[in-house]
Amino acid sequence: MDAPDLTRALDFTGRVVVVTGGTRGVGLGIACRFLEAGADVVVCGRHEPEHAVERDGRFAAFVTADVREQEQVQVLVHQVVERFGRLDVLVNNAGGSPPADTASASARFSASIIALNLIAPLLCAQAAFGVMREQDDGGTIVNISSVSGLRPTPSTAAYGAAKAGLVNLTETLAVELAPKVRVNCVSAGLVVTEQAHLFYGDDDGIAAVGRTVPLGHMADTTEIADVVLFCASPLARYVSGANIVVHGGGELPAYLGAANTPS
């Protein structure tokens, strides 16, 4: 494949992008970034958002869908193709988990978290592949994972385990869906969203947590979205099966705060 024109490599004009859970948080940031890049964007969720997803006068289409349900996923993809004629990029972003005590969390709760964060991306990938494999230029899938899948994650055990599984699913799909479809994963670190206070407290708490990150702050959603754009672009044409960790350098080892060595 020839090297892409750098002036157009991040131009998604004429491309159709689906962002699951794209009405808030990281998903909203991703959807808006693709709108800025010229893409036709479709977002989905179980409930229609209060405000339309918009950037620079361009709006994302919304489809009601619970991505844990295979039939609803198939309807979502059908509606996208019916309206736009193609599907170029799937971003499996829908996910998350409220805090829960691991020792007492119910089986039903854990199963629901795993369904949203692991099974749903598989269902969406299967449906998207059915379209992408018929297109001359295929397509690309980007799974949004988390550093919670790469390290211990107290109070969100099922979530962390599901995100770890999503990394492996990415690697497997990259083998099975090649060569028509590239599949990559972006594992996000600590991100400031509208729900950050649930985990980090008030603004002072968020700032304090940010100071533990080597780059000095928690990510904003555009810092995750930009990496997703790269993964979906021709610049990443030979990247598949990769897990790109976007965490500002990671988290400082706990022993550094406990050690009493001379400064």
Open item on the list: Testing the 3.5 Å rule here: is there a donor-acceptor pair between the side chains of N93 and T20?
Closed with: no
TODO: Salt-bridge test for R86 and D137: reply yes if a basic N is under 4.0 Å from a carboxylate O, no otherwise.
DONE: yes
Task: Main-chain N/O of C231 paired to R182 side chain as donor or acceptor, under 3.5 Å - done: yes
Open item on the list: Quick test of your reading: applying salt bridge (charged side-chain N to carboxylate O under 4.0 Å, His left out), list the pairs with at least one residue in residues 212-227, sequence neighbours left out, ordered by first then second residue.
Closed with: R33-D226
- [ ] Would you sort out whether V16 and R83 count as a side-chain contact (heavy atoms from CB on, under 4.5 Å), showing the intermediate values?
- [x] CA-CA 10 Å; V16 180; R83 176 168 177 175; over 6 Å; no
Open item on the list: I need the I119 CD1 to S112 OG distance, nearest 0.5 Å.
Closed with: 12.0 Å
Task: Atom pair CG (N184) and CG (N143), whose distance is rounded to the nearest 0.5 Å - done: 9.0 Å
Task: Side-chain heavy atoms of L122 within contact of L118, under 4.5 Å - done: no
Open item on the list: Distance check, rounded to the nearest 0.5 Å: T212 atom OG1 versus L190 atom CG?
Closed with: 6.5 Å
Open item on the list: If we ignore hydrogens and angles and just use 3.5 Å, is the side chain of E69 paired with the main-chain N or O of Q72 as donor and acceptor?
Closed with: no
- [ ] Only counting residues at least two apart or in another chain, list the ones meeting side-chain hydrogen bond (donor to acceptor under 3.5 Å, both in side chains) with S187.
- [x] N243
TODO: Kindly write out the residues that satisfy side chain to side chain contact (heavy atoms under 4.5 Å, CB included) with T153, not counting sequence neighbours, or none if the list is empty.
DONE: S148, R151, T156
Open item on the list: Under a 3.5 Å distance rule, please check whether E48 uses its side chain to pair with a backbone N or O of T64 as donor and acceptor.
Closed with: no
TODO: Measure the shortest side-chain to side-chain distance between C124 and L90 over non-hydrogen atoms and say whether it is less than 4.5 angstrom.
DONE: yes
Open item on the list: Taking I144's backbone N and O only, do any of them form a donor-acceptor pair with K163's side chain (distance below 3.5 Å, no angle check)?
Closed with: yes
Open item on the list: For a 4.5 angstrom cut-off between non-hydrogen side-chain atoms, does P98 reach F109?
Closed with: yes
TODO: Decide, yes or no, whether a salt bridge links D56 with R58 under the criterion of side-chain N to carboxylate O below 4.0 Å.
DONE: no
TODO: Look only at the side chain of K180 and the backbone of G138, and say whether a donor-acceptor pair between them is shorter than 3.5 Å.
DONE: no
Open item on the list: Could you check whether any side-chain heavy atom of L169 comes within less than 4.5 Å of a side-chain heavy atom of V167, counting everything from C-beta outward?
Closed with: no
Task: R15 side chain to F12 backbone, donor-acceptor under 3.5 Å - done: no
